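Some notes on the structure that comes next.
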Number of protein chains: 2
Amino acid sequence: MTTIKDIAKIARVSIGTVSNYFNNPDLLSKETYEKIRIVIDDFNFHPHSAARSLKSQHTRKIGIIPVVSPQDNFGALPSDNVFLEFLAAANAASAERGYGILMEAVVDDHLQVEKYKKLIGEKQVDGFLLLGTHVRDERIMYLLDEKFPFISFGRTEIGQPYPYVDVDGAKGIEDAVAYLAGLGHRRIGFIKPPDGLMCSKIRLEGFMNAMEKFNCVIDPNAIVEGDFSEESGKISLEKIIDSGCLITALFTPNDLAALGVMRAMSERSIKPGKDISIIGFDDLKLSAFWNPSLTTISQPIRHIGLLAVNALIDILEERDEFPQIIVEPRLVIRESTAIVA
Amino acid sequence: MTTIKDIAKIARVSIGTVSNYFNNPDLLSKETYEKIRIVIDDFNFHPHSAARSLKSQHTRKIGIIPVVSPQDNFGALPSDNVFLEFLAAANAASAERGYGILMEAVVDDHLQVEKYKKLIGEKQVDGFLLLGTHVRDERIMYLLDEKFPFISFGRTEIGQPYPYVDVDGAKGIEDAVAYLAGLGHRRIGFIKPPDGLMCSKIRLEGFMNAMEKFNCVIDPNAIVEGDFSEESGKISLEKIIDSGCLITALFTPNDLAALGVMRAMSERSIKPGKDISIIGFDDLKLSAFWNPSLTTISQPIRHIGLLAVNALIDILEERDEFPQIIVEPRLVIRESTAIVA
DNA sequence: CTGATAAATTGAAACGTTTCAATTATTATA
DNA sequence: TATAATAATTGAAACGTTTCAATTTATCAG
């Protein structure tokens, strides 16, 4: 195995100089640099990452700990495609800056904090990327306690400042309510994401505020808790209808649930987009292709992934304090919403 | 920072014994083991992973190198959701066996092999997981050359034996042709996945064989090349229709493309599932919910992810030679196929 | 109780880097 | 030309483990 030592010997410099080649190239004279470059190219040499990490105490790796079960899908995450898009962007951005992403799944929600402890203790990563924050997020409280670098996609209600990127869900809902109100809707239903999730709280607040502002009717029966699945959309719709509550429009936790809602409507001969307007959240690629195509609150998820990773690496490298970034969602109007009948 | 040394001192044993606690626990006497356990629990100690890797020359990490662009989606991968499902399963399975997954994206196809070289040179991972194999896959040829452990999801046409898990795409198509033939279809179209991909070749062969077997009409105009996108489905359909070729059924590279085909049909007043039967590939969760719901060849993708990771770790740990696993796809019959009009 | 054997434990030498104080070479200044 | 200041380079020590030959302790047969 070739090491920095071999390179040094062949290039007729000291190992410290070869080390500087990688870590402080501007300390080297042009000639020395070139001399070393040739040898390294020649051997296709790459420095041993574990040795580097051992000495330098950083890994140039970012950790992500998803909750996975072999049957189900990624667990506490906003929703599948959103996660994939986020991951794609995060991966691209981190690769760009010379970082890798270490994923180590946890099969049970409760083991999550343990896993963070483990990865920190083993010094496997320099920082973490968190998704799907809770109102009081244990992981964030733990990482804050440990002063371990991280950034979350999503806020929480923890008092201390901490780094996050989030989408302004309240604003998204407010814009949508304004739009619906403009179409004449007053009786608007709302399927909340699961309780405990921060996005759920934020969006609900936005909903309540906007409803009041536009003189809409807030019917408690029209506000039900669901989750991000297609199935849940169906169940939630049934719950609202069966309560005898009459609505002309409905918010869903995400596009997938919106699809479930639309299917359930068809089964009951309610025409989605005509009898009841539907608004999703996320803007999956597919949502434009459904029938009716889905009006939805679009999260710029790739942009969020990019921002998150870059902000995290800034923290890691330049000790930028607490980046707190809010991005605007965008209401994408399609066929699933219409003027009130 | 606590080290094995501190633990050793406090537990009044040698550092070698503490090391054995982690690596050869059965060498220790029950009492010694317990003594150490208590100290370790007390300190919440985790051994430094870089130090372990440096000495032991393995990392307990599995590499995945996706092709990502900040705009587009994961590139050379079968299709988005398939990748996510695979990743979820792979993550769960590897976590189970004490491995993490290191993802380091590459922004350009051509840089792929370079990235493999880098990760190998830096000793970042013990093995690789490859997806989306090509007929002559450069990555596989390189890894084989280097004798570096890997397993691929997908076969190639390289002469040497190497480890893979694959779905029997030919069988899947054959079953589907048999099914269509049973419904009276004879003029069946086929949208190929991109040329160069191994799955493309395998499926086309299956198609040709089955068509012959069932006395179907092979019209060259009915066989076009597409890709895994919705857009491509649309274009491919138009190409076939515009060629004047009359078909009663059509295979698509995946469910997404099938959706595009169905949309394009609607635009031309062709009724998907009635005028032309459509068969997808993958069986996305959503496919059951489209209108018409999609008949498709289902890949047991989570199972494949599990098998792949376990086979790879077997190679790494027990030097199991060349696992070569083929799993059967399953034809899922829904509304997008019907008796020929 | 002895000697032989097996089981448990020890500790020093690596693994391949980074770091940094010390040294040497180069350049600028008077 | 001598001196000071700066730029380049050096190499030994450390990072926290694993490994393994050597040593100690325990067990067993006779």
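Chain letters run A, B, ... following the sequence lines, proteins first, then strands; residues in each count from 1. Please read these numbers as outputs of a predicted model, since none were measured by experiment.
Of the side-chain N and O atoms in A:T17, one or more sit less than 4.0 angstrom from OP1 or OP2 of D:dT10. Look at A:T3 and you won't find any side-chain N or O under 4.0 angstrom from OP1 or OP2 of C:dG16.
Mapping B:S29 and B:Q57 onto DNA chain C via the closest heavy atom, the residue that lands nearer the 5' end is B:S29. Residues B:V13 and A:L54 each lie close to DNA chain C; by heavy-atom proximity, the contact nearer the 5' end of the strand is made by B:V13.
Counting only heavy atoms from C-beta outward, the side chains of B:Y99 and B:T59 never approach each other to under 4.5 Å. Counting heavy atoms from C-beta outward, A:D314 and A:R97 have side chains that approach closer than 4.5 Å. Looking only at side-chain heavy atoms (C-beta outward), A:I64 and A:L87 come within less than 4.5 Å of each other.
Atoms CG (A:L28) and C1' (C:dT26) sit 16 Å apart, rounded to a whole Å. In this structure, the NZ atom of A:K5 is 11 Å from the C1' atom of D:dA12, given to the nearest Å. Taking atom CD of residue B:E31 and atom P of nucleotide D:dA26, one finds them 10 Å apart after rounding to whole Å. Between A:K30 atom NZ and C:dA25 atom C1' the separation is 20 Å, expressed in whole Å. Rounded to an integer number of Å, the gap from CZ of A:R60 to C1' of C:dT18 is 14 Å. In this entry the distance linking CE of B:M1 with C1' of D:dT17 reads 11 Å, nearest Å. The interatomic distance linking B:N20 (CG) with D:dT18 (C1') rounds to 9 Å, in whole Å. Separating the CD atom of A:E122 from the C1' atom of D:dC15 is a distance of 17 Å, rounded to the nearest angstrom.
Nearest to the side chain of A:H48, among C:dT18, D:dT9, C:dT17, sits C:dT17. Listed nucleotides: D:dT9, C:dT17, D:dT18. Nearest to the side chain of A:T32: D:dT9. Taking only side-chain atoms of B:I15, from C-beta outward, the nucleotide of D:dT18, C:dT17, D:dG11 with the closest atom is D:dT18.
Residue B:I325 comes nearest to B:A311 through the heavy atom pair CD1-CB, 4.3 Å, listed as atom of the first residue, atom of the second, then distance.
Using five terminal pairs a side, the axes of the helix from C:dC1-D:dG30 to C:dA30-D:dT1 at its two ends make an angle of 30°, given in steps of 10 degrees.
With sequence neighbours excluded, the residues satisfying ring-ring contact (aromatic ring centres under 6.0 Å, His included) with B:F86 are B:F153.
The base of D:dT18 sits within donor-acceptor range of the side chain of B:K55, with an N or O pair under 3.5 Å.
A salt bridge links B:E317 with B:R60: at least one charged nitrogen is closer than 4.0 Å to a carboxylate oxygen.
Across all strands shown, A:F45 has heavy atoms under 4.0 Å from sugar-phosphate atoms exclusively, and none from any base.
With B:R37 as the partner, the side-chain contact (heavy atoms from CB on, under 4.5 Å) test is satisfied by one option alone out of B:V39, B:D41, B:I40: B:D41.
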